[in-house]
Every structure is written in structure tokens, then in C-alpha cells.
Amino acid sequence: MPIIFFSMQLLAFVLIYPFLWVVSILPHRLFYGLSDFACFFIYRVFGYRRKVVQENLNLVFPEKSKNEINRIEKDFYKHLCDTFLEMVKTMNLSKESVAKKYQIVNPEVLLEIEKERSIIILCAHYANWEWNVSINNYVHSKGYAVYQKVNNSYFDNFIRKVRARWNTTLITQAQTAKTVIKNFRNNVRATYGMVSDQSPQAHRAHYWTDFMGITVPIFNGGEILARKTGLATVFLKVSKVKRGHYKAEFIPIALNSKETKEHEITNTFLRLTEKQIREKPEYYLWTHKRWKHRDKKAAAFADVN
């Protein structure tokens, strides 16, 4: 049975990989033309998670009209398809090319901090989080990115190799704490990238607070590790300049996280993320059920702020 399973994984990889490779080298006009074509089917024909998107938008923006919600929804799906294809484009995207498409406006912030200590970069599922790993092309310390392991082992190995071109080592959420603490004890200077706006399981959540005006469980593993080891914490704000082009800005949260109060780092991250979402909501990942636990009694699971 395991042999058949891995054979099917290999077959899927062999069949899909050539198509993805061709997509990754398409010129700009054809590339985003394909994105528009895919968007028509995903949004109009199949309605991928459209109910979830509408529920999320109406939940967090009760003050917006139906026309405004519809406009955000439509623009979101167009951006979602762009993001997926830009993920594919990473296969053949050089350091020079990604530097033009994903511009970091103040790399000196990280370069200055890493002289003294390791850094945890907190970001959200906003704009293009896939190209965030290119940050490691600028820093001198060892770069790590926390990621969701792909079930197909062949694609998972492929993704690891692609990220390695940008000086990034991928680690799973389960490996994160062990990696951070080991590097800290061995005096290994490192930069860790974490997407921290996902929804933890309610029974495992240690902290509940408002996000976009709604009380939900909050993932605060980055803060816990930072405060335990005294790492610096930095927020990564990514903006979409135009189609296929982004700019990233580093906003320091704490230079020595041990000196912060409990939940201070997480709350600052949430407020910065909210501000980013409200400015251009169409670039947030609305297909996730981020507020699915809102109706549960937080007090039954964890402390509430």
C-alpha cells in the first residue's frame, strides 16, 4: 500500500511539474492573462469558498454597503489568482528578478538589529506572503521560514529546494520552537519568518482577544519564543504597488522581547495587521475561516484580554 501511495505521488508530480514550469516562464502579459482566465472559473464558475469570503467580509465590515463588499470580493479573487501564479513563478525567479518585483524599502532595519541579536519577523496572509522569503537575500544571519508541509513528498522536496535558492531553510510549526531554542543556546544568529494571523485550534489557544473587532483565539507562539529567548520582533508590512510588484517595510516591535509585557507583541502585531487590512482589504486572504471560533466561549479555553 505505501508503495502505491508514493507511486501516485510521483505520478502527480511528474504530470503537474511540466505545466507549472511552463507557467513560471510565461511573459508578463500571458502570465497575468492566464491569471484572469483562472479567476473567471474559480470565482464565477466554481465559486471557490465564495460563501466563506462573503461571510468574513460582512462580519468584519458591517459598516460597508453591499456594493462595497462585492467590489472587495471581486478584487480579492483576482488578487488570489495572481498570488497563486506568482507562487508558481518562484520556480524560475532569480534573486535579481525578485528584487525588482518585491522591493524592500528599509533593509537596514534588519541589518542593524542582526548585529546584536536574532530576529523573529511576524507577518500576515496579506499581499504576497510567498515572496517574503526573499528577505533572506539581504540578511547575513541564517534564514528560516515556518511553512505548512505539503502532503506530496515530491512537491515538498521541490519547494524546499526552490526556497534554498533564496538562502531560506523551511521548518514546520512543530520544528520551530526546537530550532529557535537550539540556535539560541548555540549562539547561532538567525532570522525567522512567521505568518502569524492563522487561527489556532480553540482548545489549544492560550490567548483570546479582538481581531478586526471580533474576539477569537490568537496564535502567539512567536511572542512566546521571542520573550523566552530575548529575540527582536519585527512586523513585515507588505503593500501591492501594482500587478506583480510589491514593496515591503520592516516595523520594529521590540528590540529585546524579554523587556515587553505579556501579549504586548501579539497585540501590536494585530493592530498593525488590522491597519493594513483596512487600508486595502482586497489583498487579505479571506478564504480562510479566521473567525470560525468566535461563537465559542473564550473563557472556557483560555485567558481573555
Side-chain angles (χ1 to χ4, degrees), residues 60 106 109-126 129 132 135 139 141 144-146 171 173-174 176-185 187-238 248-279 284 290-291 293-294 296-305:
V60 301
N106 58 344
V109 170
L110 288 193
L111 294 175
E112 193 62 32
I113 294 175
E114 72 173 1
K115 292 177 182 178
E116 302 295 331
R117 62 187 73 238
S118 294
I119 306 166
I120 290 182
I121 301 174
L122 302 177
C123 61
H125 286 97
Y126 189 88
W129 56 91
N132 290 352
I135 290 167
V139 298
S141 54
Y144 294 87
V146 182
I171 54 176
Q173 188 171 325
T176 303
K178 184 183 294 185
T179 302
V180 173
I181 293 173
K182 180 181 178 180
N183 285 340
F184 173 72
R185 290 174 176 170
N187 294 316
V188 175
R189 198 64 53 81
T191 301
Y192 308 92
M194 300 182 183
V195 183
S196 300
D197 61 330
Q198 62 265 48
S199 179
Q201 295 179 344
H203 68 280
R204 293 185 176 181
H206 300 288
Y207 182 48
W208 291 64
T209 192
D210 283 356
F211 178 52
M212 297 297 289
I214 302 155
T215 300
V216 288
I218 301 297
F219 178 79
N220 63 345
E223 174 181 336
I224 292 172
L225 284 172
R227 294 183 74 226
K228 183 174 183 178
T229 56
L231 272 62
T233 46
V234 174
F235 177 73
L236 177 63
K237 179 182 179 181
V238 183
E249 177 185 2
F250 298 116
I251 302 175
I253 296 176
L255 297 181
N256 184 346
S257 298
K258 280 187 176 180
E259 298 174 352
T260 63
K261 297 178 181 178
E262 187 177 16
H263 305 317
E264 180 182 340
I265 292 171
T266 299
N267 288 340
T268 301
F269 165 75
L270 291 174
R271 302 295 81 80
L272 290 168
T273 299
E274 287 174 339
K275 184 175 184 295
Q276 183 173 238
I277 293 171
R278 294 188 187 280
E279 287 174 355
Y284 188 61
R290 182 62 188 87
W291 294 271
H293 298 306
R294 65 186 182 279
K296 297 182 179 180
K297 292 183 178 179
F301 299 103
D303 293 335
V304 182
N305 184 29

Trainee: Measure the spacing between CD1 of I251 and NZ of K237 and express it to the nearest 0.5 Å.
Mentor: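 Taking CD1 in I251 and NZ in K237, the distance rounds to 6.0 Å.
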
Trainee: Identify the two heavy atoms, one from E264 and one from T268, that lie closest to each other, and give their separation to 0.1 Å.
Mentor: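 Distance-wise, the nearest heavy atoms are O-OG1, 2.8 Å.
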
Trainee: The criterion is side-chain hydrogen bond (donor to acceptor under 3.5 Å, both in side chains); which residues satisfy it with Q198, sequence neighbours excluded?
Mentor: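 Applying side-chain hydrogen bond (donor to acceptor under 3.5 Å, both in side chains) to Q198 gives none.
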
Trainee: Show your reasoning for whether side-chain contact (heavy atoms from CB on, under 4.5 Å) applies to Y192 and N183.
Mentor: CA-CA 11 Å; Y192 308 92; N183 285 340; 3.0 Å; yes

Trainee: Donor-acceptor pairs under 3.5 Å, side chain of residues 269-277 to any protein atom, not counting sequence neighbours: which ones?
Mentor:
residue : atom : partner : partner atom : Å
R271    : NE   : E274    : OE1          : 2.8
R271    : NH2  : D210    : O            : 2.8
R271    : NH2  : E274    : OE1          : 3.4
R271    : NH2  : E274    : OE2          : 3.1
T273    : OG1  : F269    : O            : 2.8
E274    : OE2  : M212    : N            : 2.6
K275    : NZ   : E279    : OE2          : 2.8
Q276    : OE1  : V238    : N            : 3.0

Trainee: Could you tell me which non-hydrogen atom of W129 sits nearest to which non-hydrogen atom of Y126, and how far apart they are?
Mentor: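 In this case the closest contact between W129 and Y126 is CE3-N, 3.5 Å.
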
Trainee: For L122 and I265, run side-chain contact (heavy atoms from CB on, under 4.5 Å): C-alpha distance rounded to whole Å, both residues' side-chain angles, the deciding distance at 0.1 Å, then the answer.
Mentor: CA-CA 10 Å; L122 302 177; I265 292 171; 4.0 Å; yes

Trainee: Is there a side-chain contact between L236 and I135 (heavy atoms, below 4.5 Å)?
Mentor: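 The answer is yes; the side chains approach within 4.5 Å.
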
Trainee: So, taking the atom named CD1 in I121 and the one named CG in N132, what distance separates them when rounded to the nearest 0.5 Å?
Mentor: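 So the gap between those two atoms works out to 8.5 Å.
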
Trainee: A side-chain contact here means heavy atoms from C-beta on lying under 4.5 Å apart; do W208 and H293 qualify?
Mentor: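 In contact.
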
Trainee: Ignoring hydrogens and geometry, is there a side-chain-to-backbone donor-acceptor pair from S257 to L231 under 3.5 Å?
Mentor: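 Yes.
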
Trainee: Does Q173 use its side chain to pair, donor to acceptor, with the backbone of V146 at less than 3.5 Å?
Mentor: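 No, because the side chain of Q173 does not come within donor-acceptor range (under 3.5 Å) of the backbone of V146.
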
Trainee: Under the side-chain hydrogen bond (donor to acceptor under 3.5 Å, both in side chains) test, which residues partner S141, sequence neighbours left out?
Mentor: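 Per chain and number, S141 pairs via side-chain hydrogen bond (donor to acceptor under 3.5 Å, both in side chains) with E114, T191.
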
Trainee: So how far is it from C123 SG to D197 CG, rounded to the nearest 0.5 Å?
Mentor: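 The SG atom of C123 sits 7.5 Å away from the CG atom of D197.
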
Trainee: Taking atom CD of E249 as the centre, report whether more than 12 heavy atoms of other residues, nucleotides or ligands fall under 6.0 Å from it.
Mentor: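 Above 12, so yes.
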
Trainee: Would you name the heavy atoms of E223 and H263 that are closest together and state the gap between them?
Mentor: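 Closest approach of E223 to H263, heavy atoms only: OE2-N, 2.6 Å.
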
Trainee: Do you know which two heavy atoms are closest between R290 and S199, and how far apart they sit?
Mentor: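 Heavy atoms of R290 and S199 come nearest at NH1-CB, 3.4 Å.
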
Trainee: Can you check whether F211 reaches I218 side chain to side chain, under 4.5 Å on heavy atoms?
Mentor: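 Sidechains of I218 and F211: in contact.
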
Trainee: Answer whether the closest heavy-atom distance between the side chains of K228 and I181 falls below 4.5 Å.
Mentor: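 SC-SC contact between K228 and I181 confirmed.
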
Trainee: With a 4.5 Å cut-off on side-chain heavy atoms, are M194 and T176 touching?
Mentor: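 Yes, close enough: below the 4.5 Å cut-off.
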
Trainee: To the nearest 0.5 Å, what is the distance between CG (N267) and CD (E262)?
Mentor: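 Going from CG on N267 over to CD on E262, the span is 10.0 Å.
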
Trainee: Distance check, rounded to the nearest 0.5 Å: R227 atom CZ versus K261 atom NZ?
Mentor: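 Spacing of CZ (R227) from NZ (K261) equals 11.0 Å.
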
Trainee: What's the separation between atom CG in N256 and atom OG1 in T233, rounded to the nearest 0.5 Å?
Mentor: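 N256 CG to T233 OG1: 9.5 Å, rounded to 0.5 Å.
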
